[in-house]
Amino acid sequence: QSHFSLSDALSWIERLKRFFSSSNRESNQTEEPESEVVAQSQAVLQEGDGSSDADGLVAGSTEFALALYRTVRRQGVNLFLSPYSLSSALAMTYAGARGDTLAQMSAVLHYDLPPLRLHSAFQALNAQLVSGSAEPDTTGLQPFQLSLASALWGQQDFFFLAEFLDLLERYYGAGLSQVDFKADPE
């Protein structure tokens with residue numbers, strides 16, 4: 001079982017920032033057409049009225065997902081990743097960020113909403129994703145079952161503000177488990 005701490009999240013933000021801002025990165029990969037993915041994403045966005053925060057979150061998450069995929073893809077290698085899971089997990093850590101860290105995370109993750117509206121949009125989108133999996137299709141069968149699991153892991157002797165913990169519970173249904181990474185980093 002792996003643990004994802006705030007320092008891990010910040011480290012990944014720095015890595016992603018370097019990848020996305022590097023304009024002269026070497027690449028021996030051939031370009032894969034992304035037009036189908038972009039067209040499908042735009043079609044999903046057009047279904048909404050464009051005014052909801054959830055629509056804005058989906059647009060930003062799509063930009064993040066495509067940028068992330070461009071960064072980590074390799075020719076001839078199967079790749080499975082969940083940009084939504086990464087974005088959601090990092091949104092929880094974003095709730096505790098301030099100053100430059102908050103601005104950098106917002107830029108890299110394509111979060112265009114003020115923090116509380118962002119967390120509210122994640123809450124609405126999570127509810128929509130889970131409830132959509134419960135709706136039977138035209139044959140009366142449930143097409144899929146989706147469960148979202150959200151949690152953060154932090155150093156046991158580190159003080160976490162009650163407001164931060166309350167926000168995690170309210171918007172993500174998540175808690176923070178405290179463990180001793182110093183004594184057992186694995």
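Heads up: numbering here begins at 1 and tracks the sequence.
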Query raised in the report: Tell me the salt bridge (charged side-chain N to carboxylate O under 4.0 Å, His left out) pairs involving residues 94-113, sequence neighbours left out?
Result: none
Report summary line: So the salt bridge (charged side-chain N to carboxylate O under 4.0 Å, His left out) pairs with at least one residue in residues 150-165 (sequence neighbours excluded) are Asp157-Lys182
Requested in this report: Look at the aromatic rings of Phe158 and Phe160 and report parallel, tilted or perpendicular, splitting at 30° and 60°.
Outcome: perpendicular
**Report entry** Plane angle bin for Phe122 and Tyr84 - parallel if under 30°, tilted between 30 and 60°, otherwise perpendicular
**Finding:** tilted
Query - Counterpart residues, salt bridge (charged side-chain N to carboxylate O under 4.0 Å, His left out), relative to Asp180 (two or more places apart) - result: none
Query raised in the report: For Ser85, which of Ser88, Ser82, Ser87 qualifies under side chain to side chain donor-acceptor pair (under 3.5 Å)?
Result: Ser82
**Report entry** Non-neighbouring partners of Glu63 that pass side-chain hydrogen bond (donor to acceptor under 3.5 Å, both in side chains), sequence neighbours left out
**Finding:** His110
Requested in this report: Tell me, please, which residues at least two apart from Ser106 pass side-chain hydrogen bond (donor to acceptor under 3.5 Å, both in side chains).
Outcome: none
Requested in this report: Would you confirm whether Thr71, through its side chain, and Ala67, through its main-chain N or O, come within 3.5 Å as a donor-acceptor pair?
Outcome: yes
[atom1]/[X] to [atom2]/[Y] distance, rounded to the nearest 0.5 angstrom?
X      : Y      : atom1 : atom2 : result
Leu152 : Leu90  : CG    : CG    : 9.5 Å
Ser120 : Leu113 : OG    : CG    : 9.5 Å
Asp53  : Leu118 : CG    : CG    : 8.5 Å
Leu109 : Ser61  : CG    : OG    : 8.5 Å

Requested in this report: Using the side chain to side chain contact (heavy atoms under 4.5 Å, CB included) rule, take Gln156 and Val179 through it: C-alpha gap first, then chi angles, then the decisive distance, then the call.
Outcome: CA-CA 5 Å; Gln156 71 183 12; Val179 295; 5.8 Å; no
Without placing hydrogens or testing angles, list every side-chain donor-acceptor pair under 3.5 Å for residues 169-177, not counting sequence neighbours.
residue, atom, partner, partner atom, Å
Tyr172, OH, His119, ND1, 2.7

Report task. Measure the shortest side-chain to side-chain distance between Phe181 and Trp153 over non-hydrogen atoms and say whether it is less than 4.5 angstrom. Result -> yes
Query raised in the report: Quick one: does Tyr94's side chain get under 4.5 Å of Pro115's, heavy atoms only?
Result: yes
